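Remarks on the structure that follows.
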Amino acid sequence: MFKKVLIANRGEIALRVIRACKELGIATVAIHSEADALSLHVRAADEKVCVGPADSALSYRNIPNVLSAAEITGVDAIHPGYGFLSENAHFAEVCESIGIKFIGPSSENIALMGDKAKAREIVAKRGLPVTPGSPGELRSEEDALQAAMKIGFPVIIKATAGGGGRGMRVVNRAEDLGRAFQAAQAEAKSTFSNDGVYLERYFLEPRHIEVQIMADQHGRVIHLGERDCSIQRRHQKLVEETPSPVVDDKLRREIGRVAVEAVKAAHYSNIGTVEFLLDKDQKFYFMEVNTRIQVEHPITEMVTGIDLIKEQIRLAAGHPLSFRQQDVVFTGHSLECRINAEDPEKFTPSPGVITKYSPPGGFGVRVDSAMESGSTVVPYYDSMIAKLITHGRNRQESIARMKRALSEFVIEGIKTTIPLHRRILDDSDFQKGHVSTTFLERFLAS
Amino acid sequence: MFKKVLIANRGEIALRVIRACKELGIATVAIHSEADALSLHVRAADEKVCVGPADSALSYRNIPNVLSAAEITGVDAIHPGYGFLSENAHFAEVCESIGIKFIGPSSENIALMGDKAKAREIVAKRGLPVTPGSPGELRSEEDALQAAMKIGFPVIIKATAGGGGRGMRVVNRAEDLGRAFQAAQAEAKSTFSNDGVYLERYFLEPRHIEVQIMADQHGRVIHLGERDCSIQRRHQKLVEETPSPVVDDKLRREIGRVAVEAVKAAHYSNIGTVEFLLDKDQKFYFMEVNTRIQVEHPITEMVTGIDLIKEQIRLAAGHPLSFRQQDVVFTGHSLECRINAEDPEKFTPSPGVITKYSPPGGFGVRVDSAMESGSTVVPYYDSMIAKLITHGRNRQESIARMKRALSEFVIEGIKTTIPLHRRILDDSDFQKGHVSTTFLERFLAS
Amino acid sequence: MKRRRAKIKTRRMVVPEIVRESKPHASLATGSTKQIQELIDLLRRNNLTELEVERQGTRIRVRHEVLAKPMTASLQESAPASPQQPTQSASATTPALEGATGFVTVTSPIVGTFYRSPSPDADAYVEEGDTVKKGQVLCIVEAMKLMNEIESEVDGHVVKILVENTKSVEYGQPLFLIDPKAAS
Amino acid sequence: MKRRRAKIKTRRMVVPEIVRESKPHASLATGSTKQIQELIDLLRRNNLTELEVERQGTRIRVRHEVLAKPMTASLQESAPASPQQPTQSASATTPALEGATGFVTVTSPIVGTFYRSPSPDADAYVEEGDTVKKGQVLCIVEAMKLMNEIESEVDGHVVKILVENTKSVEYGQPLFLIDPKAAS
């Protein structure tokens, strides 16, 4: 097992990884920008290294400085968290080359899955269901039109290197395709320095269902059930839950099997998430694989009792999976609300000093956050400041518990999305589980 | 189900009950003394009533004022928490007589179990193992000597109305018996206004094992496994865990069966705890039944997933048990550390203002507390200010998690027992599970 | 309904003057109150503990203890307002007008229901402006079907009756303001 | 071992005098709130405990106790001390003697290992007391097997060398104090 791990991230996920390391008896090194010198993740670690100014390109994503920090502190592994360098194949490759273990899949795995069009191709070749779409990257407008005519409108154009909604365009009619293609290409180029785009059928009210998988370096792969992340605003998840209210045992086994086969096709190891669209007829389609820990991983931990970060570290150290598929038992229901430092109506960021921070507690309530009274929410990074997770014997109980916990959560000095979450949880469609990825848009408009 | 419940308690247990009520959709009324006007439990409730000055005899234990508060707020039930009026049969009886449901067993149950000697008698008659001892109350010194000679020294003299170590005397030799009998009787009289005492064999290094039971008003009784509460200082529990490291499945079934039979013998309903001594030969002996929710109930919740306070409220409302014995599944291991506002070495109370309070979080960590930054620990009541509970896949993980959580827990402005807990958790005997009720005494002496 | 004279003493609370300025002549040249208010607002807005300004023999210090904060936040936000809810606690409610005057506050020694008269159709025991003697009954607080008569502990006159008839009262809740100086 | 001249500019940090008043005689009566707010912002930004300004009969003191606390507590208590640990962050370490003097702090622009000489048996680039020219190499910071020469950005003399040879340095860590006034 590793003796010392550097956490190449900040905020709650850095603290989450430090907690796992502490429980495993592994020493930790935090890195931070100048803006984060007083952050909790820095104080929680055994050692700390400032790697640059506030701008993440010059600090958290500054590969030479991050690797130098790893060298001078003598760590044997780096945990990238999510975002920043977590899906950077080049970074993983440099880590491999200098003998520092990147806690995640191999750089090849990352590169392969990072090319969304190629990943779909591999999965489709294995005979697994992918969203109907162009076979690979689109070379031209004519290419796009041909593909679109074949699968039928509406279609969605996506960047092959994409994520987070950038470089995406929904097209309803053939005559709009040309302009959308150009726009998506331009946006993809400016955002990802890669103008590759592909297109898929656009589903009108799909659910976003993703499956957590774990794969060891000995070829064994298991899944830990699904997460329903249909409550999104501009492709950013806000509320996640497991089990999905529309996935029954049979569908779970089936979608789980497909997820496992998809990553086996790519000879994938470590943990990952296979994303699917689920349409109204309960048909599911492979979308992509995220080659990192997800923000919403805690809900899977709550229902399985398995510490995903600890497993991820063990797998990176070469340990075989601690579980067989039949050892994985799903208990109850879990819900996560992402608390952002944003105006709950206008979604404008709300950085500043948290004058009072008092998290909820008690049975079935978990808070993952690096905030406390007196913390400063700096304006340079993601606005998510806390994840509130509840667990109950069933969906009804975990919703009631979440409402209770939200009512207790005190964050003063800045605006947060807590009021929005309270409204969502009171919504009768949400309570019945009648949601899709378009839910929030309609909810906010009403 | 009840519409509105008054919580006749303070601090973390009052907040715990309020949380359960919120999740059940029940309105809540907090009562408080003048010293607690700004407490979190007061602010968390829907309504609040000041019932007297700081002295609990004139406020939390002031039956007329508590019942008046119930009347003016129109509640249909009272939850007594633990301590204060929770095991006061008279209070339960008055509640019954004015049509306000006492959330707990009947006043008869409380009265019967409150007479420790009589409770032992009933259980012994049913053929269940009780600690060898006097058949009932001791009438005289001769009575005591006769009983002691029969069971053999050492013996322990206990108050029939007792609890918390008051009125107890350990006697090693016959010549010391007379004086100890007088002393115990006098202390029992001054503490409990009842000079009844009885005696039992005194076990040298027993474990304190207790079994959580739930009984509905239709005669069905189930148990939720044991808790090992052997880490005690002067009969006050400090660390509790479940499952016990020395109780295997077979013993659990056996001791669970005896606990269920014991309460059935008393026609008991609602929740309760049956306390046993477990000797070095794995023989267990009934000690007594606690007719209230216990401080340490959360560890049972963590391994069963069952919300004991919600169940208690449902049972009091006349609902049948929601579970059969075979539905109760024990998952993983849970540990609780009681954080007291005390000097961690001298155990002197440390009241005052908590200038900073930052509880630990993350996976498998639960905090039950009514404290926050700026809270005042008043000197009038129990010194326990927080319960830190962890859950893990096994004992090793929940210990590692507890150590991690203790290292994160920031309470400034007062002294707490956190450093003591950290030392206990580092102890190799504790880690191996080699403890008895005398562990802490030796640990503190070393 | 049985009535019984409760053996309960009324509680007396004289609140000290909150601010007793030692240097009354230390006026702040222009618009002093406004300026101090500005300082207080500054302190509030910034959640400070203390703010001190000294100038030409004038020193202003504003402090805000952590405990003084109205720690209400979202916990209370969710609490539905209840008409029956007695929201005032003894220590927090002494009316402002009492501060400098030395009025005596009669508070409720028990939890219960406040009645101004011995029965629904009877006259009230006292009205505002009445002169009362020590030991005179001011009201009844009913608790557990017992009528507890609350007496005045001083001679004086009734400045204000603080609770409406038939409302519930909690322990320590102010019921009457009596001016003892007015007695003589 | 390959050596390369890093294309890295040294960073210069001149800490401004905390209060640089354009109108030192400006009375508090006009625009005073704004001025105090500025001080408060200064306090916030610098995470100070207390800020006191006294000037021509005007003294302003701002305190913030919550921020003032060393928010370390038990989290750090458990952290083992590490000899390799660079414990100082750029903003926190500007030595006190610099404040009023206008010394220039040369900070590390990268994370790496600090070397005072080009090779183990060579002389140090500079010693305390030396005069240095703008562009003169002061030290090397090795990162990822690359030797990055750190140059002085000013003429001056070396007041203090703040890091020991072969120790690791983090981004923004002060390396040298240069007195630019001493150059002329």
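Quick note on labels: first sequence line is chain A, next is B, and so on, each numbered from 1. Please read all numbers here as calculations on a predicted model, not as lab measurements.
Note that CD of B/Glu408 is 4.0 Å distant from CZ of A/Arg19, once rounded to the nearest 0.5 Å. The OG atom of B/Ser358 sits 8.0 Å away from atom OH of A/Tyr357, with the distance rounded to the nearest 0.5 Å. Annotation: the span from A/Glu23 atom CD to B/Met402 atom CE amounts to 11.0 Å, rounded to 0.5 Å.
With a threshold of 4.5 angstrom between heavy atoms, A/Thr304 approaches chain B through N, CA, C or O but not through any side-chain atom. Both the backbone and the side chain of A/Ile306 come within contact range of chain B, with heavy atoms under 4.5 Å apart. Neither the backbone nor the side chain of B/Thr390 has a heavy atom closer than 4.5 Å to any heavy atom of chain A. B/Lys310 touches chain A through its side chain: at least one heavy atom from C-beta onward sits under 4.5 Å away, while N, CA, C and O do not.
By the 4.5 Å heavy-atom criterion applied to side chains, B/Arg401 and A/Asp307 are counted as neighbours. Contact of the B/Pro359 side chain with the A/Pro359 side chain is registered, since non-hydrogen atoms from C-beta on lie closer than 4.5 Å.
Ranking A/Pro298, A/Gly25, A/Gly362 against chain B, the residue ahead of the rest is A/Gly362, based on heavy-atom pairs under 4.5 Å. Put simply, of B/His391, B/Arg366, B/Arg16, the one with the most heavy-atom pairs under 4.5 Å next to chain A is B/Arg366.
Taking every heavy atom of both residues into account, A/Phe323 and B/Arg393 meet most closely at CE2-NH2, 2.7 Å. Considering every non-hydrogen atom in both A/Phe363 and B/Asp368, the closest pair reads N-OD1, 4.2 Å.
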Stepwise, does the side chain to side chain contact (heavy atoms under 4.5 Å, CB included) test hold for B/Lys22 with A/Lys403?
-> CA-CA 9 Å; B/Lys22 278 192 179 180; A/Lys403 288 170 71 169; over 6 Å; no
